[in-house]
Amino acid sequence: SLAGGSEGNSIATFAENLSTCLTDLGLSTPLLSDVDVTPERLRGRKLVLLPLNPSVPAGILPALRDFVEQGGRLMTFYSLPDDIADLIGVRKGEYIRPEGGPYAGMARVGEGLPGQPEFVGQGSWNIQVAYPIPGRSRTVAVWRTGDGRDTDLPALVVSEQGAHMGHVWLTDDWSGK
């Protein structure tokens with residue numbers, strides 16, 4: 001992203017968090033700035049992760065749209081530009097700062113996803129909610145409060161086109177993630 005200063009540092013930190021986690025799992029992870037995304041660089045990829053993108057340069061939206069239309073999946077974390085929400089099949093909700101301190105983490109809903117744990121620690125101090133769109137997406141995890149109560153706020157919403165997690169990827173509970 002073109003962001004500088006503390007926002008640029010945050011973007012770099014959260015991108016590195018994701019890259020390190022995926023590398024620990026043995027997955028190859030090229031790390032690109034959003035301004036460097038091109039159709040050629042997306043060719044042959046199955047998944048694009050946007051770890052913290054307060055805005056998405058207009059020039060890459062067509063490349064991301066083509067990528068998803070050709071079967072690729074797109075996952076966003078925390079920031080959810082309107083065009084991207086529509087692309088991945090979720091409805092952008094509200095920004096929430098939890099009362100009483102950060103959320104404790106994410107609790108699986110129903111059967112969740114294959115291999116998804118019952119709970120993952122994630123001390124999120126604020127969230128950008130995304131809601132599922134009936135027939136297009138579903139909630140697979142909700143936020144759990146610090147006192148152990150599951151909320152009805154989606155933490156992770158998935159669709160055939162991608163997913164949205166309501167906060168950035170943190171390094172707490174590394175082994176659970």
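The basis for the numbers below is simple: all heavy atoms, side chains too, and nothing from hydrogens, waters or symmetry mates.
The OG atom of S124 lies 6.5 Å from the CE atom of M106; values are rounded to the nearest 0.5 Å. If you take CG on L47 and CE on M75, they are separated by 8.0 Å, rounding to the nearest 0.5 Å. The CZ atom of R65 lies 7.5 Å from the CD1 atom of I84; values are rounded to the nearest 0.5 Å. One finds the CD1 atom of I88 at 4.0 Å from the OG1 atom of T76 (value rounded to the nearest 0.5 Å).
Side-chain contact check for V120 versus D173: some heavy-atom pair is nearer than 4.5 Å. Contact of the I96 side chain with the V129 side chain is registered, since non-hydrogen atoms from C-beta on lie closer than 4.5 Å. By the 4.5 Å heavy-atom criterion applied to side chains, P51 and V168 are not counted as neighbours. Within the 4.5 Å cutoff, no side-chain heavy atoms of Q122 are placed close to those of Y103. Counting heavy atoms from C-beta outward, R144 and T151 have side chains that stay 4.5 Å or more apart. Contact annotation: the side chain of S55 never approaches that of P81 to less than 4.5 Å [non-hydrogen atoms, C-beta and beyond]. Side chains of W143 and I127 form a contact here, defined as non-hydrogen atoms less than 4.5 Å apart. No side-chain heavy atom of D83 sits under 4.5 Å from any side-chain heavy atom of L87.
The main-chain N or O of G110 is found under 3.5 Å from a side-chain atom of R108 such that the two form a donor-acceptor pair. At least one donor-acceptor pair closer than 3.5 Å links the side chain of Q128 to the backbone N or O of G93.
There is no path of hydrophobic side-chain contacts, each under 4.5 Å, that joins L80 to L153.
Smallest separation of non-hydrogen atoms from P154 and P132: CG-CD, 4.3 Å. The minimum heavy-atom distance linking W169 with F14 is given by the pair O-CD2, 3.8 Å.
Of the listed residues (V157, L113, I133), just one forms a side chain to side chain contact (heavy atoms under 4.5 Å, CB included) with R138, and that residue is L113. If you run side chain to side chain contact (heavy atoms under 4.5 Å, CB included) between F77 and each of L18, L50, N53, only L18 comes through.
In E111, the CD atom is not crowded: 12 or fewer heavy atoms of neighbouring residues, nucleotides or ligands sit closer than 6.0 Å.
For the pair R136 and E160, the salt-bridge criterion is not met [side-chain N within less than 4.0 Å of a carboxylate O].
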